[in-house]
Structure formats: structure tokens, C-alpha cells
Participant: 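Sending over a structure as C-alpha cells; questions will come in a sec.
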Amino acid sequence: MQLPLHIIDAFTAQRFHGNPAAVVLLDAWLPAPLLQSISAENNLSETAFVIWSAERAAFEIRWFSPLTEIAFCGHATLASAYVLLDADPGLQSVTFWAAAVGHVSATREPGGRIRMQFPRRDATPLAEPPAALRAGLGLAPTAWLVNQQAYLAVYASEAEVRAVQPDLEQLKALGPLDVAVTAPGDAGAAHDFVSRYFWPANGGDEDPVTGSIHAALAPYWAERLGKDQLVALQASQRSGTLFCTVTDAGVEVAGHCVRYLRGTITV
């Protein structure tokens, strides 16, 4: 069986930056072990598998890291939208459906940026973080929070976020939850806040850009900074920029994409 494969650098306008995602378009779902094997072979943060569902009037989407199926992945959704919109220049928007988040729409904007509509996944304060979380980050933050996806550690400065050197074995013990660290942007910076994301239990050491966690980060910083439109920088080695708008109903997360590869895989 031959399947089309696309690799897209998401949340960046520069190739070799952002977060690379593989996108595989299917006519029907293949067995989950085969999807997992393809994802492990791709060895990227995520591989997205997409089929059209007439019943849902949307593209069903599933995301796999090299280790496991993921409930929600923003950058691979952005990459999938890019592939579908790029194939049909007359198409302006697509709608995805996934069990964990329901419907997610993606719309092409002037200039090529793609804006996605995410449900809010607000984080709540955590009075007593797990010992493995404290030990895994070392540097104590000013606040701890948690949502259904990850623990959030809030630091006072961008420099502290960049300086975090996680003990990944400690953080691995926190699975299935991952760990995000975040802080306000430096004065005069083009971004409002920064983050990094560690997920040794579910995919790898540090994720280059994590769209899904901004469904929690953007509402937090919107309240802290008193603004509903924010620019976010994920300060990984590859780095990526996310443009966020927070409403009562959800979080809009937008970004650019760049194609790296179009090919065919044989399974």
C-alpha cells in the first residue's frame, strides 16, 4: 500500500524552524498499530492522519507521537490544514473533528497565515505540585497550574524559562501529563509571553512548538496582561511564533507553515 506523505514546518515562515509535522491523508482508517508504526518511523513530534467523514461533514484527525496516540495536537492540525488548503487554492477553510476536542476549524487568512479555533482548556492553580515536578524543573517558579494536558510552571522572566534544564526522568514520572514552563516576554519584545514544553512520557524531550497548550497559556496570559490578542514565542531551539486571540468561547491560534517534503510511503 502506498500513502501520500507531507512534512510541514508549522508555526514558522522559515524552513527548518517551527515544529515539523508529518501529514498522511487516508481514504479510511488503518489499524492503530500500523498508524503507530508509521509515526515511529517518521520520528517527528507528531504524525497526523486525516480522513474525510461525510457523517461529520468534517475531516476526522488523529495524532500520534513516536510513542503513543495523542489526544490533541495543535501544530499537526495546522500542518494538516496547510496541506488541504494548499491542494485546493479555492478552499478558504476546513473543519476537523477529534474525540478529545470536538470540531476545530482552520481558516486561511490574507498573507497565508492559518487561524484555528480551539476550545479553551484553562489551567487552574495547583497548591501542592508533585515532588517529581519540583525536582524535575529545579528552578522554583512563581506559580504552579495544571489542566487536562500538562502542568504549567510560571516564571518571572524569559531568561528563567530559557535557563530551565529539566531532569527528564523526573518529568517522565508525571505521565500522562506533560510540563510547560512560561513567563512574560521581555520589555520591548515582539512577543507577549514565552514558553517551553517537555513531554518525555508521551513523545520526546522538548517539543519545538506546541499549539495545543496555548489553549491554556493564552487565557492565562490574557488575564495577567489585560489583553485578548497576544503573540507567543515558544523558545525551543527551533522556535516558533503563535498569534493568539482569547474569547469567552475559545482560543484562536494562528501561524504560518512552510512545506519541507511531499512524498510517498509504502506500508
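Only heavy atoms go into these numbers, but all of them, side chains included; no hydrogens, no water, no symmetry mates.
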Participant: Going by ring pair (Phe, Tyr, Trp, His ring centres under 6.0 Å), name the pairs with one or both residues in residues 148-173, residues two or more places apart or in two chains.
Facilitator: none
Participant: Can you tell me if D88 has over 12 outside heavy atoms packed within less than 6.0 Å of its CG?
Facilitator: yes
Participant: Show the nearest heavy-atom pair for residues T266 and Q2, with the distance to one decimal.
Facilitator: OG1-NE2, 3.6 Å
Participant: Is any side-chain heavy atom of L139 closer than 4.5 Å to a side-chain heavy atom of V181?
Facilitator: no
Participant: Could you list the residues that satisfy salt bridge (Lys or Arg N to Asp or Glu O under 4.0 Å) with R120, not counting sequence neighbours?
Facilitator: D122
Participant: Measuring from I114:CD1 to T107:OG1, what's the distance to the nearest 0.5 Å?
Facilitator: 9.5 Å
Participant: Could you tell me whether the side chain of T210 reaches within less than 4.5 Å of the side chain of Q149, counting heavy atoms only?
Facilitator: yes
Participant: Considering only distance and modelled atom types, tabulate donor-acceptor pairs under 3.5 Å from the side chains of residues 91-105, sequence neighbours left out.
Facilitator:
none

Participant: Supply the atom-to-atom distance I61 CD1 to S53 OG, rounded to the nearest 0.5 angstrom.
Facilitator: 13.0 Å
Participant: Residues two or more places apart in sequence or in another chain: which of them pass side chain to side chain contact (heavy atoms under 4.5 Å, CB included) with A180?
Facilitator: L152, Y197, I213
Participant: According to side chain to side chain contact (heavy atoms under 4.5 Å, CB included), who are the partners of P200, at least two apart in sequence or on a separate chain?
Facilitator: L168, L171, K172, F198
Participant: Does E223, at its CD atom, have more than 12 non-hydrogen atoms belonging to other residues, nucleotides or ligands within less than 6.0 Å?
Facilitator: no
Participant: Under the salt bridge (charged side-chain N to carboxylate O under 4.0 Å, His left out) definition, can you give me all pairs with a residue in residues 176-192, not counting sequence neighbours?
Facilitator: D192-K227
Participant: What donor-acceptor contacts under 3.5 angstrom involve side-chain atoms of residues 248-255, with partners at least two apart or in another chain?
Facilitator:
| unit_1 | atom_1 | unit_2 | atom_2 | d |
| --- | --- | --- | --- | --- |
| E252 | OE1 | R115 | NH1 | 3.2 |
| E252 | OE2 | Q117 | NE2 | 3.0 |

Participant: Can you name the nearest heavy-atom pair linking Q170 to A135, along with the distance?
Facilitator: CD-CB, 3.8 Å
Participant: Considering all heavy atoms of both residues, which atom of G203 and which atom of P66 are nearest to each other, and what is their separation?
Facilitator: O-CD, 4.1 Å
Participant: Show, in sequence, the C-alpha distance, side-chain angles and deciding distance for Y82 and V23, and conclude whether the side-chain contact (heavy atoms from CB on, under 4.5 Å) test is met.
Facilitator: CA-CA 10 Å; Y82 175 87; V23 179; over 6 Å; no
Participant: Set out, in order, the CA-CA distance, both residues' side-chain angles and the distance that settles side-chain contact (heavy atoms from CB on, under 4.5 Å) for T241 and H191, then state yes or no.
Facilitator: CA-CA 8 Å; T241 303; H191 50 272; over 6 Å; no
Participant: Please find the pair of heavy atoms, one from S157 and one from A183, that lie closest to each other, and give the distance.
Facilitator: O-CB, 3.2 Å
Participant: With distance as the sole test, does N202 use its side chain to make a donor-acceptor pair with the main-chain N or O of P176 at under 3.5 Å?
Facilitator: yes
Participant: Measure from the side-chain N and O atoms of E46 to the backbone N and O of A22, and report whether any donor-acceptor pair falls under 3.5 Å.
Facilitator: no
Participant: Residues two or more places apart in sequence or in another chain: which of them pass side chain to side chain donor-acceptor pair (under 3.5 Å) with W199?
Facilitator: none
Participant: State the CE-CG distance between M1 and L30, to the nearest 0.5 angstrom.
Facilitator: 5.0 Å
Participant: Using the salt bridge (charged side-chain N to carboxylate O under 4.0 Å, His left out) rule, collect all pairs that involve residues 143-168, keeping only residues at least two apart or in two chains.
Facilitator: E158-R162
Participant: Might you work through the side-chain contact (heavy atoms from CB on, under 4.5 Å) test for L242 and L217, ending with a clear yes or no?
Facilitator: CA-CA 11 Å; L242 308 91; L217 290 173; over 6 Å; no
Participant: For F49, give me all partners under ring-ring contact (aromatic ring centres under 6.0 Å, His included), at least two apart in sequence or on another chain.
Facilitator: F64
Participant: Which value, rounded to the nearest 0.5 Å, describes the distance between N42 atom CG and I7 atom CD1?
Facilitator: 6.0 Å
Participant: The test is side-chain contact (heavy atoms from CB on, under 4.5 Å); show your working for F118 and H214 and say whether it passes.
Facilitator: CA-CA 9 Å; F118 288 169; H214 287 76; 6.0 Å; no
Participant: Are Y220 and F193 close enough that their ring centers fall under 6.0 Å?
Facilitator: no
Participant: Which pair of non-hydrogen atoms, one from A132 and one from A173, has the smallest distance, and what is that distance?
Facilitator: CB-CB, 4.4 Å
Participant: Provide the full list of salt bridge (charged side-chain N to carboxylate O under 4.0 Å, His left out) pairs with a residue in residues 60-78, sequence neighbours left out, each pair given once.
Facilitator: R56-E60, R62-E69
Participant: When rounded to the nearest 0.5 angstrom, what distance separates CH2 in W144 from CD in E128?
Facilitator: 10.0 Å
Participant: Roughly how far apart are L35 CG and L26 CG, rounded to 0.5 Å?
Facilitator: 6.5 Å
Participant: Donor-acceptor pairs are to be reported for all side-chain atoms of residues 10-20 against protein atoms at under 3.5 Å, with residues two or more places apart or in another chain.
Facilitator:
| unit_1 | atom_1 | unit_2 | atom_2 | d |
| --- | --- | --- | --- | --- |
| T12 | OG1 | Q14 | N | 3.0 |
| T12 | OG1 | Q14 | O | 3.2 |
| R15 | NE | R259 | O | 2.8 |
| R15 | NH2 | R259 | O | 2.9 |
| H17 | ND1 | R238 | O | 3.2 |
| N19 | OD1 | S45 | OG | 3.3 |
| N19 | ND2 | H75 | ND1 | 3.3 |
| N19 | ND2 | H75 | NE2 | 3.4 |
| N19 | ND2 | D207 | OD1 | 3.1 |
| N19 | ND2 | V209 | O | 2.7 |

Participant: Do you know the tightest heavy-atom contact between L174 and P130?
Facilitator: CD2-CB, 3.9 Å
